[in-house]
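Working notes, beginning with the structure itself.
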Amino acid sequence: MFKTIFTSPIYSVSEDGSGVARLDGYTVFVKGAVIGDECKIEITKRNKTYGFGKLLEIVTPSSSRIEPVCPQFKDCGGCTLLHTDYDTQLKIKRETVYNALTRIGGFENIFVHETTPSVPNFNYRNKSQYPVGGSSDNVKIGFYAPRSHNVINSNSCAIENPDARLILNAFRLWMKKYHIAPYNEEKHTGTIRHIYSRAGESIMVVIVSRTREIDQLDKLKDMLLNLGLSKPIGGIVVNINSQKTNTILGKYDYTLYGEKFIYAQIDNITYKVNYKSFFQVNPYTTNLLYKKALELCSLTGKETVFDLYCGIGTISLFLAQNAKKVIGVEIVPEAIEDARENARLNNIENVEFYCGAAETVCPPLIKAGEKADVVVVDPPRKGCDEALLNAIGKMKPDKIVYVSCNVATLARDAKILHEKYGYEMKEAFPFDQFPHSTHIECVALLTQPICVEVI
Ligand code: SAH
């Protein structure tokens with residue numbers, strides 16, 4: 001077979017953390033390469049416009065290259081930038097946002113601010129989710145090997161919080177001692193599928209099981225309650241997922257101890273968070289992210305604001321303190337229940353919440369006469385539905401504040417709002433919610449051009 005071996009600098013970083021090399025203008029993605037490295041590369045797969053290469057040798061290491069702190073860095077695929085120093089990670093993220101907004105979005109005059117760092121950038125996650133596999137004699141709890149569903153034991157993790165590790169270890173011990181069968185995905189047998197924990201003011205533990213009945217649950221409960229975690233356990237829940245599916249959580253659950261939710265504090269607001277609801281995973285930057293969204297809304301107290309994809313009302317309640325009225329829309333019923341409860345909990349009365357898809361709920365709401373001065377959207381990675389963008393565009397809010405976890409869909413959606421409805425985007429603010437991974441959170445402001453009437 002014809003082998004191509006070449007030497008190239010690494011110019012940039014792809015979405016999965018691979019280095020980007022070039023051979024006569026042809027792009028080659030190289031796993032393990034760091035931006036600024038000079039590498040010897042062998043092309044292993046060729047597509048028409050790009051290929052994949054194996055890193056044969058680092059000829060000159062980049063000044064940004066560091067030793068990854070995690071021994072399982074290569075197997076896990078979670079922290080794909082762990083071999084790159086943190087300052088460079090922040091620069092890469094800023095550049096990625098700029099490239100997406102200029103190339104996909106077509107916004108030539110955009111100013112992308114420096115990425116707001118996470119302090120600290122290790123052990124920052126308030127939520128950990130581990131798949132369980134292997135066999136009764138050899139239980140494995142950790143993560144899936146890249147592009148597979150083989151569970152690899154996790155020995156440590158640089159971004160989880162220390163309590164999550166104690167919980168994981170307790171499960172290992174319990175399963176081993178009492179011969180509790182892990183779930184076998186191929187045969188659809190066994191019991192324990194996932195372990196999930198989330199920390200706020202207290203800690204929530206969720207056992208995702210194929211079966212409703214689990215042996216020796218009381219023993220597990222005792223172990224968990226006596227772990228000496230840094231915060232009390234607020235709830236232990238068994239979630240039953242009896243389906244052959246990649247979705248982690250099932251529909252039914254029951255409580256083994258305490259509640260199905262925890263409380264979490266962001267700035268001056270207390271949130272009740274159901275274990276099924278979305279909640280930002282990095283408590284150190286979330287506060288800053290929401291404050292930036294609020295600042296960009298520049299509210300005076302007279303405005304009606306839509307908070308679309310509102311989750312448990314996190315951003316809505318921030319906004320409500322400075323607006324006349326906030327209307328939140330969210331698709332998950334449990335999250336909307338939490339949102340309503342959260343408004344009561346914080347004595348915030350100028351909010352209304354609607355459950356349903358934003359693209360279905362908003363058009364009739366607008367038709368019925370609701371008019372937002374400012375719209376905040378915070379969609380999942382796939383971005384906003386075009387029907388929603390059209391409904392917003394036609395309503396003509398003065399400002400749209402877009403909170404995004406995927407710059408490609410942010411750029412796509414902003415382009416639609418620009419081309420069809422004249423919105424301008426001048427500034428974007430990346431936040432490092434996910435240090436050491438390539439994921440980027442970003443807030444961008446879209447404004448209506450000021451119309452000057454010519455007489
Ligand atoms: N703004 C919230 C949640 C953002 S995550 C926060 O910062 O905490 C995105 C949210 O959008 C999730 O809660 C998800 O359940 C919800 N969602 C997904 N698709 C939706 C849709 N079509 N309409 C409304 N909400 C949706």
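Note that ligands are numbered from 1 as they come in the structure, with each ligand's atoms numbered from 1 the same way.
With a heavy-atom cut-off of 4.0 Å, Thr314 touches ligand 1 through its side chain alone. The proximity of Cys405 to ligand 1, defined as any non-hydrogen pair under 4.0 Å, does not occur for either the backbone or the side chain.
Cation-pi check for Arg193 over Tyr183 is met; the charged atom lies under 6.0 angstrom from the ring centroid and within 45 degrees of its normal. Cation-pi geometry between Arg212 and Tyr254 is met: the NZ or CZ atom falls under 6.0 Å from the ring centre, inside 45° of the normal.
Scanning the protein for heavy atoms near atom 26 (C) of ligand 1, the closest one is Tyr309 CD2, 3.3 Å. Of all protein heavy atoms, the one lying nearest to atom 22 (N) of ligand 1 is Glu359 OE1, 3.2 Å.
Between Glu330 and ligand 1, an N or O atom pair is found at a separation short of 3.5 Å. On a distance-only criterion, Pro379 and ligand 1 share no N/O pair closer than 3.5 Å. Residue Phe279 has no N or O atom closer than 3.5 Å to an N or O atom of ligand 1.
Residue nearest to atom 7 (O) of ligand 1, selected from Tyr290, Tyr354, Phe278, Phe318: Tyr290 (by heavy-atom distance).
Here Tyr309 pairs with nothing under the ring-ring contact (aromatic ring centres under 6.0 Å, His included) rule; sequence neighbours left out.
Residue contact annotation: Gly356 has a non-hydrogen atom under 4.0 Å from ligand 1. Residue contact annotation: Ala335 has no non-hydrogen atom under 4.0 Å from ligand 1.
Listed by first and then second residue, the ring pair (Phe, Tyr, Trp, His ring centres under 6.0 Å) pairs involving residues 106-131 are Phe107-His418, Phe111-His113, His113-Phe429, Phe122-His436 (not counting sequence neighbours).
Taking every non-hydrogen atom of Val332 and a distance limit under 4.0 Å, the qualifying atoms of ligand 1 come out as 15 (O).
Ionic pairing of Arg381 and Glu15 is present here: one or more N-O contacts between side-chain nitrogen and carboxylate oxygen are shorter than 4.0 angstrom. Between Lys272 and Glu201 there is no salt bridge, since no side-chain nitrogen of the basic residue lies less than 4.0 Å from a carboxylate oxygen of the acidic one. Comment: Asp16 engages Lys31 in a salt bridge, judged by a side-chain N to carboxylate O separation of less than 4.0 angstrom.
For the side chain to side chain donor-acceptor pair (under 3.5 Å) test with Asn239, the passing option among Tyr252, Tyr196, Tyr275 is Tyr275; the others fail.
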